[in-house]
Amino acid sequence: NISEMADMELERLDLGTIAFYSPKEMTVGVSQKVEAAVAKDVQRELAEGIRGHGVSETEVAQIKASIIADLEGDNFLILPLDDDENSEVTEGISQWAWDVTPLKSGLWDLTLKVAVVVETSDGAEIRKDYPIQERRIGVDLSLRHIVLYLIDRVGGFTTYLRTVPISSFE
């Protein structure tokens, strides 16, 4: 069965190295580019392994292997710079990029999830996950956010002062 052979070869497949590039520090409301890459030609290596089991070239050609990635993080707005979670593959290197904007100050984690997905000619989908990668990001307030916070606090206090009769201060 082609699905069983693909599953077996996927289990044997060395998944390669993940490069995860993110800033160590960010500022609330200021977006920055976060990138990831995997150096692995999964399609070619999987096809070579399956050919070794005597599978016809027609069936091997119908197997589609891809590497997908997803970036997650609480208190971040994360927008992929690519059309979908599938990578842009150049010379055996799969690459992804996201526009990441912190929404709140503090220490927050960005989590990168990467997987190999194989679709076989019989319609089966096989998935193998890479180990999850995490980066802790220190997020500071921007000067703009500090000023808005102070205006809000002072504005609330001046509103309070306007509602209190002057005689109560005597």
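All values reported here derive from a predicted model rather than from experimental measurement.
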Item to complete: Using a cut-off of 6.0 Å, state whether more than 12 heavy atoms not belonging to Lys128 lie near its atom NZ.
Response: yes
Discussion item. Surrounding CG of Asp74 (heavy atoms of other residues, nucleotides or ligands, distance under 6.0 Å), is the total greater than 12?
Written reply: no
Worksheet item: So which of Ile132, Ile18, Asp70 actually passes side-chain contact (heavy atoms from CB on, under 4.5 Å) with Leu112?
Response: Ile18
Discussion item. Under the side-chain contact (heavy atoms from CB on, under 4.5 Å) test against Val38, which residue among Ile93, Thr17, Val114 passes?
Written reply: Val114
What's the separation between atom [atom1] in [X] and atom [atom2] in [Y], rounded to the nearest 0.5 Å?
{"X": "Glu119", "Y": "Arg127", "atom1": "CD", "atom2": "CZ", "value": "12.0 Å"}
{"X": "Phe20", "Y": "Glu134", "atom1": "CZ", "atom2": "CD", "value": "9.0 Å"}
{"X": "Phe76", "Y": "Asp109", "atom1": "CZ", "atom2": "CG", "value": "8.0 Å"}
{"X": "Trp98", "Y": "Leu79", "atom1": "CH2", "atom2": "CG", "value": "12.0 Å"}
{"X": "Glu125", "Y": "Lys64", "atom1": "CD", "atom2": "NZ", "value": "11.5 Å"}

So do the side chains of [X] and [Y] get within less than 4.5 Å of each other, counting heavy atoms only?
{"X": "Val139", "Y": "Lys104", "result": "no"}
{"X": "Val100", "Y": "Gln32", "result": "no"}
{"X": "Ser22", "Y": "Ile137", "result": "yes"}
{"X": "Ser105", "Y": "Asn75", "result": "no"}
{"X": "Leu71", "Y": "Trp96", "result": "no"}
{"X": "Ile67", "Y": "Tyr130", "result": "yes"}

Response to the item:
On a heavy-atom basis, the closest approach of Leu107 and Gly138 is CD2-CA, 3.6 Å
Worksheet item: For the residue pair Ala65 and Val118, what are the closest heavy atoms and their distance?
Response: CB-CG2, 4.1 Å
Fill in: Stepwise side-chain contact (heavy atoms from CB on, under 4.5 Å) test for Ile78 and Leu110
CA-CA 10 Å; Ile78 302 171; Leu110 283 175; 4.0 Å; yes
Item to complete: Determine, stepwise, if the pair Leu103 / Trp108 fulfils side-chain contact (heavy atoms from CB on, under 4.5 Å).
Response: CA-CA 10 Å; Leu103 303 174; Trp108 308 110; over 6 Å; no
